[in-house]
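These notes concern the structure reproduced below.
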Amino acid sequence: MRTDFIPVDYDYFDFEGKNHIRIIGRDRRGKRVCVIDSCPVYLWAVLSRDLGQSKIKDLMEKIKKIRLDSKGRQTRVEAVELHEKNFLGQRVKALKIFATNYKDLHDNADRLALPGIVNRRGYDLGFITHYIIERQIAPLQWYEIEGEIIDNSGEFGGIDQELQVDLCMKLQNHKRLEIPNFSPKVLTYDIETDEFKIGEGEILMISLVSEDFKKVITWKGSLERQRHEKPKADYVEYVKDEAELLKKFVYYVKKISPDFLVGYFSDGFDLPYLKTRATKLKVSLSLGLDNTQPRFFRGALPTGKISGIVHIDLMKFIQTAYSQYMQSETLSLNEVSREFLGDTKKDFKFKHSSKIKKEEWDSYFEYNLHDSVLAYGLFQKFWPDMLEFTRIMQEPIFSVSRNGMSNNVEDYIMHNLGRFNEIPEKRPIHDEISARMRREKYEGAFVFEPIPGLYEDVCIFDFTRFWPSIIVTFNLSRSSFSEKKAKDFLEVEVKGKRLYFSKKPEFFPQMLREIIEKRKQYKHELKEKPDAIKKARSNAFKLLANASYGYQGFFGARYYCPEASAAATSISRDFIKQTIDKINKAGYEVIYSDTDSVSFKLNNHTEKQALDLLKELNENLPGIMELELEGFFTRGLWVTKRTGTIGAKKKYALMGRDGKLKIRGFETVRRDWCHLARELQNRIIRLVLEDGNETRALQYLKEVVKKVKQREINREDITIRTMLQKPIEEYKAISPHVIAARKMREQKIPISGGNLIEYFIAETREKKKLVRDKVKLPDEKGEYNIEYYLKKQILPAVENILQVFGVNISEVIEGKRQTKLGDF
DNA sequence: GACTGAACTATACC
DNA sequence: ACGGGTATAGTTCAGTC
């Protein structure tokens with residue numbers, strides 16, 4: 001039997017003491033295919049350098065005799081081979097030790113604590129990762145496969161009988177096919193409940209959206225209508241109770257049989273809620289292709305897994321892959337949909353189902369359906385990215401869609417080690433992680449202290465891929481790092497300590513070099529002939545390159561190397577300072593610099609002259625380091641810190657030649673300031689940059705101050721939003737937003753870490769000193785506190801800006817006559 | 001009770 | 001537990017006078 005096949009979901013099982021992989025996927029006609037396969041399992045034992053031939057032979061004989069009785073499983077070392085390998089920069093002799101079952105590799109490793117063996121590695125990858133590496137059957141790539149059909153043959157304990165697939169086969173051969181596209185069958189879902197706390201309320205309705213399919217299943221709404229009328233909308237389907245609702249949900253999932261069941265924050269809400277209610281109501285939530293129920297894995301965030309159908313929670317992926325580009329201030333479905341789909345959630349004012357009026361149910365159904373419609377739209381939008389991420393990292397989409405970038409970097413490394421003949425390093429375990437977390441911070445990048453002022457004709461240069469280019473150019477990695485000096489080694493001094501790095505290209509910088517090359521190639525191809533896949537691929541490589549620096553400093557990394565990070569930042573400081581010096585010496589004046597960028601005054605030079613300088617600077621840069629033009633700006637504004645007269649770092653505003661603003665760090669870009677202050681500041685910055693003086697800005701400020709004093713500002717514009725970063729009880733300092741969160745909890749609004757808390761500062765009867773004593777929730781009665789909003793929101797937002805022009809703002813706000821320093 | 005610096009907290013920049 | 005360090009700034013907390 002031969003067919004084409006794309007692997008979607010990977011699982012494994014034991015049969016007769018051996019591991020078998022079970023891949024669920026599709027063929028090109030859309031038939032669901034299950035492939036059973038196995039592969040040799042092994043680990044590596046790195047041998048001591050001084051071990052002679054005969055000693056090695058003796059050791060191999062000894063290892064071959066290892067027998068294990070592991071949890072009732074009789075297993076043994078099946079074979080031992082001697083190999084020349086690379087391991088962390090060393091050329092080593094290593095034994096490849098084959099075992100019966102992957103689960104026993106750990107126990108085998110324990111038995112290998114023998115003289116002559118210095119390291120044991122490669123037993124902590126997980127069987128699925130091991131299998132993909134070993135057999136090169138990567139997820140979401142097309143293959144032509146050949147194998148033996150399993151059809152009621154009772155093989156593997158009759159695995160095919162309990163699986164709802166069209167074809168089940170045992171794999172013999174496979175060959176990669178170059179087909180870029182795959183259109184998965186997708187079903188999005190969303191539930192509505194009476195309580196937010198998992199399982200504590202009833203599930204009122206579930207919406208489902210797939211291609212040409214829209215459905216809201218509910219047991220709520222008018223009973224009369226159920227009996228006598230047809231529902232208003234044809235997508236609504238009534239069932240008799242909550243248990244029936246759950247059964248109907250399972251029925252439709254099975255009927256549509258999607259590759260992906262997709263939700264938004266569904267790992268944290270929808271799926272666990274469904275599971276909890278199903279257990280309570282004794283309904284089997286048998287969503288799996290083998291009729292099993294979802295399984296949950298506890299982590300920082302819980303994840304819900306369904307056998308054979310990949311459960312995808314879009315929120316996590318969007319956060320990892322897109323949040324750095326996003327304008328949205330939260331990851332809420334509403335904001336994310338507005339940004340990427342130009343659509344928002346439907347309006348519906350929540351209340352307990354017992355209080356919902358007969359005619360209100362229809363809009364609730366519509367609301368519920370639309371959430372699934374949005375999730376469906378978002379899935380389509382991000383599908384090319386998820387597809388390419390999965391293909392590049394070569395891990396199942398279930399993990400890739402949930403991974404952070406450090407995990408992605410590591411997956412990429414693990415699946416590419418083979419090309420470098422490299423033995424995998426082990427994952428740090430608990431003690432090691434805590435030791436790493438305790439380490440001292442290393443010194444970071446350089447930030448230049450600006451002189452506050454308004455500047456004309458500003459130019460900005462910045463280094464392209466700063467960190468990756470330093471790591472590649474100077475070969476900074478765990479494998480190349482050495483505490484001892486050797487011939488030709490790079491020497492970097494960090495905190496009085498000397499660090500050394502070999503110049504022999506090691507796999508980490510080499511891989512990074514390839515990632516950068518691939519990014520360039522796909523970016524180029526994208527420009528030639530744009531399509532979504534190329535765009536996604538190019539972007540994935542860009543993110544991978546950018547995450548590589550953080551990875552080496554991350555405590556959970558296999559290839560953790562804070563020395564490499566410290567060397568990278570040390571080198572970065574040298575280069576940026578050199579660049580600043582050179583620009584100044586060329587007759588320009590550097591205003592500001594942060595990490596990889598330099599802003600400077602043109603000082604009557606032309607743009608062409610600046611570009612010539614850029615070219616000259618580039619000619620003197622080593623390796624793949626590169627400086628580029630960020631842009632020319634008509635005006636730029638730098639302000640003082642709130643206290644004192646020194647220039648504030650990470651806070652500036654620029655106006656491009658096209659009149660577009662680039663604002664960094666100011667309150668206007670901070671979500672924990674009220675809109676009143678943010679919009680006012682934004683306007684003031686614009687006026688100041690456009691005019692080059694403060695006249696119009698001052699006038700505008702006075703208008704707003706007047707409105708505030710006359711209580712003409714909307715509640716929405718004085719609402720402050722602050723993230724509750726942890727559970728309420730864990731706060732040592734009780735700040736205003738903690739008070740607001742407590743008030744919400746008193747009102748039975750469920751609050752947990754990660755929620756955005758909204759409140760405003762109100763007038764109080766008695767004179768209260770602390771801000772937190774004036775906190776009110778947005779729907780509470782009360783008037784806003786004029787003094788607070790003037791002195792604590794407006795004043796700080798504009799004071800430093802107008803100070804640049806010598807205007808004392810507190811007098812404007814107090815209502816006194818404005819004075820300019822010039823008056824004196 | 002007013003004042004002051006440290007601690008805590010949130011969020012930005014690159 | 002699920003990238004790093006640098007930086008600003010508000011509010012509370014705890015100590016002093």
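The figures here come from the full heavy-atom set of this structure, side chains too, leaving out hydrogens, waters and symmetry mates. Proteins get letters first, then strands, A, B, ... in listed order; numbering begins at 1 in each.
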For the side chain of [X], counting heavy atoms from C-beta on, which of [options] is nearest?
X         : options                  : result
Pro736(A) : dT6(C), dT12(C), dC14(B) : dT12(C)
Tyr442(A) : dG5(C), dA7(C), dT11(B)  : dG5(C)
Lys441(A) : dG5(C), dA9(C), dT11(B)  : dG5(C)
Lys649(A) : dA10(B), dA7(C), dT11(C) : dA7(C)
Phe555(A) : dA1(C), dT11(C), dA9(C)  : dA1(C)
Leu756(A) : dT11(B), dT6(C), dT12(C) : dT11(B)
Arg439(A) : dT11(B), dG4(C), dA9(C)  : dG4(C)
Tyr652(A) : dC14(B), dT6(C), dT8(C)  : dC14(B)
Val771(A) : dG3(C), dT11(C), dG5(C)  : dT11(C)

Contact list (N/O, under 3.5 angstrom) for nucleotides 1-8 of chain B vs protein:
none

Using a 4.0 Å heavy-atom cut-off, does [X] contact any base of the nucleic acid, only the sugar-phosphate backbone, or nothing at all?
X         : result
Arg671(A) : sugar-phosphate
Gly404(A) : sugar-phosphate
Ser565(A) : nothing
Gln552(A) : nothing
Ile734(A) : sugar-phosphate
Pro562(A) : nothing
Arg664(A) : sugar-phosphate
Asp594(A) : sugar-phosphate

At under 4.0 Å, does any side-chain N or O of [X] touch on OP1 or OP2 of [N]?
X         : N       : value
Ser406(A) : dG3(C)  : yes
Arg772(A) : dT11(C) : no
Arg558(A) : dC2(C)  : no
Tyr788(A) : dT11(C) : yes
His737(A) : dA10(B) : yes
Gln725(A) : dT11(B) : yes
Lys641(A) : dT8(C)  : yes
Lys792(A) : dT11(C) : yes

Between [X] and [Y], is the ring centroid distance below 6.0 Å?
X         : Y         : result
Phe666(A) : Tyr652(A) : no
Tyr784(A) : Phe760(A) : no
Tyr455(A) : Phe633(A) : no
Phe507(A) : Tyr559(A) : yes
Phe461(A) : Phe600(A) : yes

[X] bridged to [Y] by N-O distance under 4.0 Å:
X         : Y         : answer
Arg573(A) : Glu443(A) : yes
Arg664(A) : Asp594(A) : no
Glu729(A) : Arg745(A) : yes
Arg678(A) : Glu329(A) : yes

Requested in this report: Check whether NZ of the Lys or CZ of the Arg Lys305(A) lies under 6.0 Å from the centre of the six-membered ring of Phe398(A) and within 45 degrees of that ring's axis.
Outcome: yes
Requested in this report: Check whether NZ of the Lys or CZ of the Arg Lys726(A) lies under 6.0 Å from the centre of the six-membered ring of Tyr731(A) and within 45 degrees of that ring's axis.
Outcome: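 The answer is yes; both the distance and angle limits are met.
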Query raised in the report: What do you reckon, is NZ of Lys662(A) surrounded by more than 12 foreign heavy atoms closer than 6.0 Å?
Result: yes
Polar-atom pairs under 3.5 Å, protein N or O versus N or O of nucleotides 14-17 of chain C: list them with distances, or write none.
none

Query raised in the report: How long is the line joining CD1 of Ile646(A) and C1' of dA9(C), in whole Å?
Result: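 For the pair Ile646(A) CD1 and dA9(C) C1', the rounded distance is 13 Å.
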Query raised in the report: CD1 of Ile576(A) versus C1' of dC13(B): gap in Å, rounded?
Result: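 The distance from CD1 of Ile576(A) to C1' of dC13(B) comes to 14 Å, rounded to the nearest Å.
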Query raised in the report: Toward the 5' end of DNA chain C, which comes first, Tyr551(A) or Val447(A), by nearest nucleotide?
Result: Tyr551(A)
Query raised in the report: In whole Å, what separates the P atom of dA10(B) from that of dC2(C)?
Result: 16 Å
